[in-house]
Amino acid sequence: MESVARSQSTVGPDTAAPKDATLIYRQSRWTRLTHWLWAISLFFMLLSGLQIFNARPQLYIGKESGFAYDNTIFAIGAENTANGPRGYTEIFGKRFDTTGVLGWSGPVGRETSRAFPSWATIPSYYDLGTARVVHFFFAWILTTTLVVWLIASLVNGHLRRDLAPRIGDLRRLPRDIVDHAKLKFHHTREYNTLQKMAYGGVMFVLLPLMIITGLAMSPSMNAVLPFLNDLLGGRQTARTIHFIVMLLLIAFFIIHILMIFAAGPINELRSIITGWYRTDPPPAHGGKAPQRSA
């Protein structure tokens with residue numbers, strides 16, 4: 001996964017530039033460390049979160065839920081039919097058969113009723129207590145790292161210099177969209193407009209929203225931040241928003257990985273593991289190099 005944070009243009013004494021001018025030191029040690037901490041944390045939070053969801057596999061809008069209310073917008077479950085037990089997923093009242101994946105899954109002859117299958121949860125067996133411990137442990141790692149990264153990026157100017165879209169970036173946006181659609185990538189030190197918008201959306205919208213909704217769902221936080229629950233429309237609404245943010249992060253991850261393979265996985269992985277990144281060769285005849293990257 002390519003880093004969201006950028007390294008400084010200066011190269012330390014332990015990263016002497018090689019003779020090949022197209023190979024640049026793009027990602028600092030701190031950039032690479034935070035990248036992998038976020039990736040690992042989100043992985044364990046996702047799988048343990050699905051286990052927690054299995055304890056109550058429904059989503060609601062509002063402050064309360066139960067049989068007396070008609071505010072369910074999403075549900076995963078199982079039901080007995082003429083053909084035996086079947087799993088289903090229900091979205092806004094529309095029901096889909098998801099037997100074998102969601103609602104009813106497991107080895108042949110040993111299927112059980114569970115929202116998400118055992119291979120997609122931590123732990124694989126039903127254990128809500130362990131899932132909560134794992135989820136909260138990595139949630140605090142993610143939150144702490146994100147706060148430190150935000151403060152450091154504000155102090156060293158990284159946010160303003162590398163992530164904030166400029167007028168020129170916005171003017172290039174249509175061209176960037178066309179280039180990505182054609183799988184035409186330019187490898188430079190700078191992020192292109194789509195990258196800035198995508199990374200900014202993750203860092204300043206999705207991750208903070210996930211943290212805020214997570215806090216709103218915690219009963220222990222009601223005394224500390226009593227207004228948070230009402231601000232989000234109730235604990236059940238906060239839980240629904242939390243789930244939607246999770247889906248958006250999964251979508252970001254899938255697109256992110258596809259772009260890495262399309263742009264050159266060896267170069268991208270080398271950058272986020274070692275820091276070194278191979279850029280496009282300088283244009284012939286002294287022409288101007290493109291300012292967009294993959």
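- Evaluation of the side chain to side chain contact (heavy atoms under 4.5 Å, CB included) rule for Phe261 yields Ile257, Pro265 as partners, not counting sequence neighbours.
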Thr99/Arg86 under side chain to side chain donor-acceptor pair (under 3.5 Å): CA gap, chis, key distance, verdict: CA-CA 5 Å; Thr99 304; Arg86 307 293 296 178; 3.3 Å; yes
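- Counting heavy atoms from C-beta on, the side chains of Arg171 and Arg166 never come closer than 4.5 Å.
- Checked against the 6.0 Å centroid criterion, the rings of Tyr191 and Tyr199 qualify as a close aromatic pair.
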Criterion side-chain contact (heavy atoms from CB on, under 4.5 Å) on Phe138 and Ile40, from CA distance to verdict: CA-CA 8 Å; Phe138 285 100; Ile40 294 170; 4.1 Å; yes
Steps toward side-chain contact (heavy atoms from CB on, under 4.5 Å) verdict (Ile91, Ile73): CA-CA 6 Å; Ile91 305 174; Ile73 64 169; over 6 Å; no
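- Note: Tyr126 OH to Arg114 CZ = 9.5 Å, rounded to the nearest 0.5 Å.
- When side chains are defined from C-beta on, Arg270 does not count as touching Tyr277, because their heavy atoms never get closer than 4.5 Å.
- At distances below 3.5 Å, at least one donor-acceptor pair connects side-chain atoms of Thr237 with backbone N or O atoms of Gly62.
- Taking 4.5 Å as the limit, some side-chain heavy atom of Leu159 sits within range of a side-chain heavy atom of Phe204.
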Derivation of the side-chain contact (heavy atoms from CB on, under 4.5 Å) call for Arg239 and Leu59: CA-CA 7 Å; Arg239 184 170 179 260; Leu59 295 175; 3.7 Å; yes
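- Looking only at distances, no side-chain donor or acceptor of Thr213 sits under 3.5 Å from a matching main-chain atom of Ile241.
- Within the model, atoms OH of Tyr60 and OG1 of Thr72 stand 4.5 Å from one another, a figure rounded to the nearest 0.5 Å.
- Under a hydrophobic-cluster definition in which Ile, Leu, Val, Met, Phe, Trp and Tyr are linked whenever side-chain heavy atoms come within less than 4.5 Å, directly or via other members, Leu194 and Leu249 are assigned to different clusters.
- Hydrophobic clustering (ILVMFWY, side-chain heavy atoms < 4.5 Å, transitive): Val147 and Leu163 are in distinct clusters.
- Annotation for Asp230 and Pro226: closest pair OD2-O, 4.3 Å, computed over non-hydrogen atoms.
- Between Leu225 and Phe227, some side-chain heavy-atom pair lies under the 4.5 Å cut-off.
- In terms of hydrophobic clustering, with Ile, Leu, Val, Met, Phe, Trp and Tyr side chains grouped at heavy-atom distances under 4.5 Å, Phe116 and Ile122 are assigned to a common cluster.
- A heavy-atom distance below 4.5 Å is found between the side chains of Leu46 and Met246.
- Between Ser271 and Arg32, the side chains place no donor N or O within less than 3.5 Å of an acceptor N or O (distance only, hydrogens not considered).
- Side-chain contact between His135 and Ile52: present, with at least one pair of heavy atoms (C-beta onward) separated by less than 4.5 Å.
- Considering every non-hydrogen atom in both Ser113 and Ala78, the closest pair reads OG-CB, 3.6 Å.
- Rounded to the nearest 0.5 Å, atoms OG1 (Thr98) and CD (Glu90) are 11.0 Å apart.
- When Met259, His187, Arg278, His256 are each tested for a side chain to side chain contact (heavy atoms under 4.5 Å, CB included) with Glu268, only one passes: His187.
- For CG of Leu247, the number of neighbouring non-hydrogen atoms (other residues, nucleotides, ligands) closer than 6.0 Å is greater than 12.
- Using a 4.0 Å cut-off between a side-chain N of Lys or Arg and a carboxylate O of Asp or Glu, Asp179 and Lys182 do not qualify as a salt bridge.
- Proximity of the aromatic rings of Trp30 and Trp149 is defined here by a centroid distance below 6.0 angstrom, and this criterion is not met.
- Criterion: ILVMFWY side-chain heavy atoms under 4.5 Å apart, direct or through other members. Under it, Val133 and Met221 are not part of a common hydrophobic cluster.
- In terms of heavy atoms, Glu111 sits closest to Trp104 at CB-NE1, 3.2 Å.
- The closest donor-acceptor contact from the side chain of Asn229 to the backbone of Arg235 lies under 3.5 Å.
- The heavy-atom pair separating Ala198 from Phe252 by the smallest distance is CB-CE1, 4.2 Å.
- For the residue pair Gln58 and Ala75, the shortest heavy atom distance occurs at CG-CB, 3.8 Å.
- With rounding to the nearest 0.5 angstrom, the OG atom of Ser153 is 12.0 Å from the CZ atom of Arg160.
- No donor-acceptor contact under 3.5 angstrom links the side chains of Thr81 and Asn83, judged on distance only.
- The OG1 atom of Thr121 lies 7.5 Å from the CG atom of Leu50; values are rounded to the nearest 0.5 Å.
- In the hydrophobic clustering of this structure, Met210 groups with Phe137; members are Ile, Leu, Val, Met, Phe, Trp, Tyr whose side-chain heavy atoms approach within less than 4.5 Å, directly or through other members.
- The distance from the CD1 atom of Ile211 to the CH2 atom of Trp140 is 9.0 Å, given to the nearest 0.5 Å.
- In this structure, Asp169 and Asp176 have side chains that are not in contact, with every pair of non-hydrogen atoms separated by 4.5 Å or more.
- The aromatic rings of Phe74 and Phe243 are tilted relative to each other, their planes meeting at an angle between 30° and 60°.
- Checked against the 6.0 Å centroid criterion, the rings of Phe185 and His180 qualify as a close aromatic pair.
- In this structure the side chain of Trp38 reaches within 4.5 angstrom of the side chain of Met203, judged on heavy atoms.
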Test log, rule side-chain contact (heavy atoms from CB on, under 4.5 Å), inputs Met197 and Thr193: CA-CA 6 Å; Met197 295 175 67; Thr193 309; 3.9 Å; yes
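- Remark: the backbone N or O of Gly214 is not paired with any side-chain donor or acceptor of Ser218 at under 3.5 angstrom.
- Heavy-atom minimum distance, Ala120 versus Leu47: O-CG, 3.4 Å.
- For Ala115, the side chain to side chain contact (heavy atoms under 4.5 Å, CB included) partners at least two apart in sequence or on another chain are Phe53, Asn54, Pro57, Ile76.
- Between Glu190 and Arg161, none of the side-chain N atoms (NZ, or NE/NH1/NH2) sits under 4.0 Å from a carboxylate O, so this pair counts as no salt bridge.
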